[in-house]
Each structure stands twice: as C-alpha cells, then as structure tokens.
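Heads up: the structure comes next, in structure tokens.
All figures in this text were calculated on a predicted structure; none of them were measured in a lab.
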Amino acid sequence: MKKSYTGKSTHIQPQTGFVIPLGAIVTDEAKAIGDFSDLEQLVPLCKKTGMSIIQLLPVNDTGTQSSPYSSLSAFALHPIYIHIASIPEFKTYYKKNTQFAQKYDTLVNITNPTCRFHYQQILTIKNELLAELFEQTDIAKKNNIPQELAQWIQDNPWIISYAVFKQLKWKYMQASWKTWQKQDANISPEEIQNRWDSDEHKKEYLFYAWEQYYAHTQFKQAADTIKANGIILKGDIPIMMNEDSCDAWSEPTLFNHTLRAGSPPDGENPSGQTWGFPIYKWDKMKRDGYSWWKHRLISASQYYGAYRLDHILGFFRIWAVPETDTTAYLGHAEPYVGITKEVLHNAGFDDGRINWLSKPHIPTYSVEEITHNHDSTIAVLSKLCDRIGNEELWIFKKKTHGIQSILKECPEELQEFFCNKWNDRCLIEVKKDTYVPSWCYGNTSSWKSLYPNEQDTLSHLFADNRNKQEVLWQDHAFDILSKLTKSVPMQPCGEDLGVALSGVPQVLNDTGILGLRVVRWNRIWEEPGQPFIPFENYTPLSLTTTSVHDSTTIRQWWNNEKDGVIHFIVAFDAEVKTTQNVEGIYKQATQIANTSFTPQLAKKVLMCSAHTASVWYVNPLQDYLFMEKKYWRKHEEDERINIPGTVTEFNWTYRLPATIESILKNNKLIDNMRDIVKCHDQRGE
C-alpha cells in the first residue's frame with residue numbers, strides 16, 4: 001500500500017510527472033507552436049509511462065514578449081496558443097479564401113525542423129488569422145452575440161477591462177500605458193465600463209472577448225480530458241505582474257508604482273537585480289480579503305488540479321527598489337520593521353551621526369581628483385549637492401532622486417563616481433525619521449569610519465531588527481497564503497529557492513504548500529565540501545526536480561558543472577561509496593564525472609533522484625528524453641528553456657526534438673520512463 005503524506009488538511013500520494021512549456025509540444029500536425037488542443041496528446045504518454053502530473057509554464061497573454069512570466073493580464077490566456085483549425089468558421093473560410101489558406105499553411109510549417117519557434121512571426125500571423133476569422137462571424141457582421149459568448153462574458157467580468165486595454169494597446173502601437181495620453185492612462189473603473197458599453201469600439205472589444213472565449217473553451221476541454229484520465233494538470237502562477245499590464249493599469253490601488261520588485265546584491269549580482277515589476281499594496285489587498293488574488297486562483301482552477309506559486313518568498317517579503325534607481329543596491333524588504341530616530345538616539349547616535357550614516361558625504365577633493373579642475377568640480381557638485389556650511393563637504397540635494405537623476409545631470413566621466421557615492425550609505429531612510437540598514441552597510445564609508453563600540457552597537461541593533469522582521473514576514477506570509485490556499489481546491493506548490501528565511505518551512509507546512517527541491521542545489525552550502533543532502537532527508541511535503549526552466553539541463557550540468565557532478569557521485573553512487581577511503585572515493589568520482597554524458601548516465605541520475613522522499617517528482621521532459629540519444633540536439637544549449645539575465649529570441653522558445661506520436665512509439669524510452677515512475681511512486685510499498 002502506498003504511503004501518503006499529510007500537511008495541513010492535505011493527503012498526497014507519491015506521484016511522478018514532467019514539465020513542458022505548452023509551446024514546446026510538437027505533433028504530427030506539424031503546427032508552428034504547441035497549442036491548447038495539443039495537451040490532450042500528452043495523455044497517452046502519461047498512460048504508457050505511468051506518469052500522473054503534467055506541469056506547464058504560465059500560459060497567460062504576454063503580448064509581444066515571449067517570457068511567460070511577464071503577463072499582460074492575470075486572467076487572459078495567450079491567443080498564440082489557440083488552435084485555429086478548431087474555430088467553427090475555419091473550415092469554410094479556408095476553402096473559400098486562397099490567401100487565408102496560404103497564410104495558414106505557412107504558419108503550420110513555419111518552424112520545421114528547427115529547434116526553436118519564432119515567437120514574433122507566429123504571433124503576428126496568428127493574430128492576423130484570428131482577426132480574419134472573426135470577420136466571418138455574425139458578431140462582426142451583424143453585431144449578433146451568441147448566447148454562449150454573452151454568458152461567458154457575464155461570468156468573466158475581467159474581460160471588460162482586458163478588452164478595453166488591448167484596444168488601447170493597439171491604438172498606441174503596443175506602447176506602455178504609462179506613455180499614453182492622460183485620458184487613457186488614468187482611467188476609472190466606471191470609465192472602463194462606459195467604454196465597453198459604448199458603440200465606438202464595440203467590435204474591437206468583442207473581438208478580444210471572442211478570442212478569449214475560444215482560448216478558454218479549448219484549454220478547458222483539454223484540461224477536462226487530462227483530469228478524466230486521472231492526471232493532474234499543474235499550472236504556474238507568476239507572483240508579480242508586468243508594469244505594463246491590464247491589471248496594473250485598471251487596478252492602480254493594488255500596486256505601488258514607486259517601487260519595483262527585485263533581489264538584493266549577491267556574489268553573481270553585486271548590484272542586485274531589478275525586475276521592473278511594481279510591488280503590491282498588501283495592506284490594501286488585505287482589507288478586501290485578497291479578492292484579486294483569490295479571483296486569479298479561482299480562474300486558474302478551471303483548468304488545473306495543482307499550481308506553482310512563483311517566488312513564494314515574495315509573499316514573505318519582496319525586495320523593493322525605488323523606481324528612480326537603476327540598480328537594486330539600495331532596495332529594502334517590504335514589509336519591514338523600521339529603526340526610528342528615537343531608537344538611534346537612545347543607542348547613542350545624535351542627529352549629526354544619523355545624517356553621517358544615512359546621507360553620503362562627498363569631499364570636494366574626491367571629485368577634483370577626477371576633474372583636475374576646481375571650478376568644474378564646484379559646478380558639478382552645486383548642481384547635484386548642497387554644501388555643508390563652509391566645509392569642503394557636500395550632500396545630495398533633496399531634488400536629486402536616485403541614480404536616474406545623476407545619470408541625467410552628471411558629466412559622463414563623473415557618473416560612476418556619483419552613482420557609487422549615492423549608494424554609499426549605511427542607513428536608508430525609508431520614510432521620515434525611520435531607517436533600515438542597507439544590504440551592504442559593512443562596505444560603506446560611514447560604517448568604516450565608526451568607532452568599534454559604535455559598530456558593535458549598530459550590529460546588535462541590526463540583528464534585533466532582523467529578528468523582528470523575520471517574525472513580521474512569517475505572520476505576513478501566513479495571513480496571505482492561508483487565505484489563498486483555502487480559496488481553491490488545487491494543490492499548492494511553492495518555488496521557495498533563494499535567501500533562507502526562518503519562517504518559510506513552518507508556513508509552507510501549515511498551509512499545505514509543497515516546497516521545491518532542485519537536486520543540484522539541495523546541498524549543505526555552509527559545510528566544507530558543500531555535501532548534497534541525502535534524498536531520504538528531503539522534506540516529504542515537497543516536489544523534487546532535476547532541472548528548472550532557468551537552469552541548465554542535466555546534460556549541460558554533467559558536461560559543464562563538474563564540481564557539482566563529482567559531489568553528486570560521491571553522495572549517491574553506491575558503487576563509489578564502497579571505496580575504502582575518502583581520497584579513493586573522490587578519485588573514482590572524478591574519473592566518472594570526466595566521462596562524456598550518455599543515455600545510461602541520464603537514466604542513472606534520474607533513477608537516483610527518484611529515491612527522493614519528496615511526495616512529488618517532476619522533471620523537465622527533455623531530461624527524460626536524454627535517455628534516448630536520437631532525441632539529443634546537436635548543440636546541448638539548444639535544449640534549455642531560458643538563460644536568466646538575457647533577453648533574446650532564444651529564450652522561452654524551446655521545441656521538443658520529436659513529435660509526441662513518435663515518442664510514444666519508442667518502447668525503450670517508454671520503459672525507462674516507467675522504471676523511474678515505479679522507483680519513485682512505489683517506494684515504501
């Protein structure tokens with residue numbers, strides 16, 4: 001009998017599955033991109049292999065951007081995934097209109113046999129085909145709205161703001177709504193409704209509603225088929241919304257547009273990361289019971305039996321960056337526990353000392369060393385800064401707002417200097433007389449100038465502040481997540497990678513959310529040698545995976561990340577472990593790691609990882625395909641989905657190397673996949 005695991009009101013059976021971007025699916029129809037109807041083709045693959053989870057990347061409308069994590073809408077599906085041939089008007093119009101037929105034929109053959117799909121080209125052609133088909137409907141010809149569409153619009157009120165938004169995006173040639181004319185950019189809910197009700201653009205609005213109706217019906221049909229076969233379809237809910245999204249435009253009270261989400265400085269990103277997404281006004285959301293988030297999950301539950309909450313640490317705290325900065329160096333956590341001026345006074349820091357810690361002080365000579373001219377130095381300093389009395393010391397003017405101001409006002413040869421000085425503050429004043437320590441306070445000039453006893457006092461103050469924030473973040477996340485997870489019947493999963501927060505395991509356990517365990521990163525990083533965590537020690541209420549969409553595949557990992565591979569072999573290869581001494585173990589592991597990747601090694605890594613104690617084991621489909629060399633791409637980098645930190649046509653356009661139908665006929669691969677399922681799902685029986 002299978003062992004099940006219990007979290008908060010959660011009983012979950014061990015299950016195995018695969019992840020695939022919807023657009024990556026290839027079938028015998030040779031369509032240019034995978035679409036909603038193709039999902040049903042995955043059911044036989046699950047049946048033959050015993051897999052019972054299909055995980056998708058987000059499928060919401062992202063407009064002209066290929067990244068599925070940059071949605072134009074929290075609710076609208078991407079029209080690029082509509083199966084055009086299933087629209088009722090298609091068959092007749094295809095036979096009647098030669099140009100339309102040629103355009104459609106071009107579309108379905110656009111990418112064969114390349115390994116990526118052409119997002120912009122496909123999107124453009126599909127939009128044109130959909131617009132032509134809409135013109136053949138009674139909606140366009142007679143303004144006659146079918147009852148089923150009218151009912152769907154009534155059941156999905158978000159479509160009103162979305163349709164008005166899309167029409168305006170078209171009007172402004174897809175430019176950000178923040179660049180629109182005031183009467184279109186700053187618009188009330190009442191005005192949005194008035195525009196929808198008016199006749200001026202009614203046809204355009206109904207086109208977007210018609211488009212979304214067919215996206216929904218096709219996706220719902222495929223999702224229902226998957227569910228009827230006992231398979232869980234798992235969705236992906238990005239935590240943040242695009243700044244240029246319908247939701248940020250139509251629900252301005254829910255978003256703080258003065259702050260942008262990002263991540264703090266680290267070894268790979270010494271200035272941190274800015275993602276460009278506005279942060280949420282959680283206090284406002286809390287007052288109405290997080291209704292926007294609940295509606296978002298309820299909408300997703302029409303299709304999914306489980307969902308992944310992207311960057312779940314953001315529900316605890318988000319790294320908030322001023323919109324006026326170009327780096328995340330001076331970001332701070334939201335929510336936060338501030339250190340008041342009164343607390344600093346009580347700790348022995350007077351106003352002068354607080355100013356020294358929170359406002360960068362710039363000596364005249366430090367600028368003159370670059371300009372070699374006193375007059376030009378004074379001119380630049382006077383433009384950006386205020387002089388302190390008669391001293392040769394300056395602080396930034398109040399009207400100097402962030403690095404963007406500096407880059408605009410400062411000569412090029414001084415920009416780096418002044419940007420560095422802008423970041424050179426130990427304390428950040430987040431609001432009047434309330435401060436938080438900067439992330440890199442230990443590297444600042446003011447910190448280094450303090451007496452040892454002052455540093456010691458501040459260190460204790462900062463540590464106490466951090467402890468208070470940990471409590472705040474845990475309570476904050478539990479309040480949100482406990483309410484959201486109860487609002488839908490789907491199984492929640494959380495992407496809890498990144499900075500370790502002490503309250504995360506407890507909150508996830510109490511809310512029944514499965515954490516994420518990426519094998520290659522699940523190590524004890526603070527110990528010598530950074531050993532891998534044994535699979536039997538994984539948290540049962542979690543999901544284990546070999547790779548993620550932002551990482552290399554296991555093929556790339558094996559060939560290019562040898563240190564991790566060696567330690568993986570040391571930790572999990574039973575034969576290597578029989579070697580008598582540590583030196584011999586590492587020598588043998590190094591020899592194995594230095595061999596080329598093979599289908600046999602692919603299976604060995606997958607089978608080994610299948611011993612995880614995690615209740616779910618879900619890997620990218622391409623990692624499974626490595627067990628059959630005929631499915632390998634010539635260039636291994638072509639098998640990954642995304643390269644973080646880059647914006648290229650390569651990202652998010654991965655295509656399977658073979659059709660689903662041909663994969664189903666590969667009995668050797670099917671048997672290997674079935675072995676992995678048995679290894680994981682039947683453990684403990």
Side-chain angles (χ1 to χ4, degrees), residues 265 270-272 321-332 338-459 461-462:
S271 296
V321 182
E323 64 172 342
T324 52
D325 276 354
T326 58
T327 74
Y329 200 87
L330 290 185
H332 66 275
I339 301 172
T340 64
K341 181 174 282 191
E342 181 182 4
V343 169
L344 290 167
H345 283 165
N346 292 337
F349 297 90
D350 60 20
D351 286 350
R353 213 60 170 148
I354 294 171
N355 281 337
W356 177 253
L357 292 166
S358 62
K359 297 177 181 179
H361 288 57
I362 307 171
T364 305
Y365 75 83
S366 64
V367 181
E368 199 165 342
E369 286 177 346
I370 302 173
T371 65
H372 305 293
N373 184 289
H374 183 73
D375 291 341
S376 63
T377 294
I378 298 300
V380 172
L381 282 168
S382 299
K383 196 172 187 179
L384 293 171
C385 306
D386 290 323
R387 193 168 190 162
I388 302 175
N390 294 319
E391 296 184 65
E392 294 294 339
L393 205 58
W394 306 71
I395 60 173
F396 286 105
K397 294 178 181 289
K398 289 184 178 180
K399 69 177 183 179
T400 302
H401 299 297
I403 290 177
Q404 290 183 18
S405 292
I406 294 171
L407 296 176
K408 183 178 180 181
E409 301 290 341
C410 188
E412 186 175 350
E413 67 271 16
L414 290 172
Q415 287 179 357
E416 182 179 359
F417 171 83
F418 278 104
C419 287
N420 288 337
K421 291 305 295 183
W422 177 263
N423 289 334
D424 188 21
R425 57 189 82 203
C426 178
L427 294 175
I428 300 171
E429 189 172 14
V430 286
K431 65 179 182 180
K432 184 173 174 55
D433 296 337
T434 303
Y435 306 84
V436 294
S438 68
W439 188 262
C440 301
Y441 68 84
N443 296 328
T444 62
S445 300
S446 55
W447 172 268
K448 293 175 181 177
S449 73
L450 296 177
Y451 295 113
N453 65 306
E454 290 178 310
Q455 290 184 351
D456 188 59
T457 298
L458 277 182
S459 293
L461 201 61
F462 293 169

Reported OG-to-CG distance for the pair Ser446 and Leu458, which is rounded to 0.5 angstrom: 9.0 Å

Glu409: which of Lys383, Lys397, Lys399 passes salt bridge (charged side-chain N to carboxylate O under 4.0 Å, His left out): Lys383

Ser405 side chain to Trp422 side chain, donor-acceptor N/O pair below 3.5 angstrom: no

Closest heavy-atom pair and its distance - Pro270, Pro265: O-CB, 3.2 Å

Side chains of Pro363 and Leu393 in contact at under 4.5 Å (non-hydrogen atoms): yes

Distance in Å, Asp386 CG paired with Trp394 CH2, rounded so as to fall on 0.5 Å steps: 8.5 Å

Approximate separation, where rounding is to 0.5 Å, of Asn423 CG and Ser438 OG: 9.0 Å

CD (Glu416) with more than 12 external heavy atoms under 6.0 Å: no

Steps toward side-chain contact (heavy atoms from CB on, under 4.5 Å) verdict (Arg425, Leu330): CA-CA 9 Å; Arg425 57 189 82 203; Leu330 290 185; 3.6 Å; yes

Side-chain donor or acceptor of Thr400 paired with backbone N/O of Leu384 under 3.5 Å: yes

Main-chain N/O of Thr327 paired to Asp325 side chain as donor or acceptor, under 3.5 Å: no

4.5 Å side-chain heavy-atom contact, Asp433 and Glu342: no

Criterion side-chain contact (heavy atoms from CB on, under 4.5 Å) on His361 and Trp356, from CA distance to verdict: CA-CA 7 Å; His361 288 57; Trp356 177 253; 3.6 Å; yes

Heavy atoms of other groups near Glu412 CD, more than 12 under 6.0 Å: no

Beyond-backbone contact of Leu357 with Tyr441, side-chain heavy atoms, under 4.5 angstrom: no

Main-chain N/O of Val430 paired with Thr434 side-chain donor or acceptor, under 3.5 Å: no

Separation of Thr326 OG1 from Gln404 CD (nearest 0.5 Å): 7.0 Å

side-chain contact (heavy atoms from CB on, under 4.5 Å) between His345 and Ile354, intermediate numbers included: CA-CA 9 Å; His345 283 165; Ile354 294 171; 3.8 Å; yes

Exercise: identify the closest heavy-atom pair between Cys440 and Thr444: O-CG2, 3.7 Å

Intermediate values then yes/no, side-chain contact (heavy atoms from CB on, under 4.5 Å), Leu381 and Val367: CA-CA 8 Å; Leu381 282 168; Val367 181; 3.9 Å; yes

Side-chain donor or acceptor of Trp439 paired with backbone N/O of Gly331 under 3.5 Å: no

Non-hydrogen side-chain atoms of Phe396 and Lys359 separated by less than 4.5 Å: no

Separation of Leu344 CG from Thr457 OG1 (nearest 0.5 Å): 11.0 Å

Closest contact, heavy atoms only, Arg387 versus Glu391: NE-O, 2.8 Å

Residues Lys421, Asp424: salt bridge by 4.0 Å N-O rule: yes

Spatial distance of atom CG (Asn355) from atom CG (Leu427) [nearest 0.5 Å]: 10.5 Å

Polar side chain donor-acceptor pair, Glu392 to Thr364, under 3.5 angstrom: yes

Polar side-chain atom of Glu413 near backbone of Thr371 as donor-acceptor pair, under 3.5 Å: no

Side chains of Ile362 and Phe418 in contact at under 4.5 Å (non-hydrogen atoms): yes

Heavy-atom side-chain contact between Tyr435 and Cys426 under 4.5 Å: no

Check: Phe417 and Cys410 side chains under 4.5 Å, non-hydrogen atoms: no

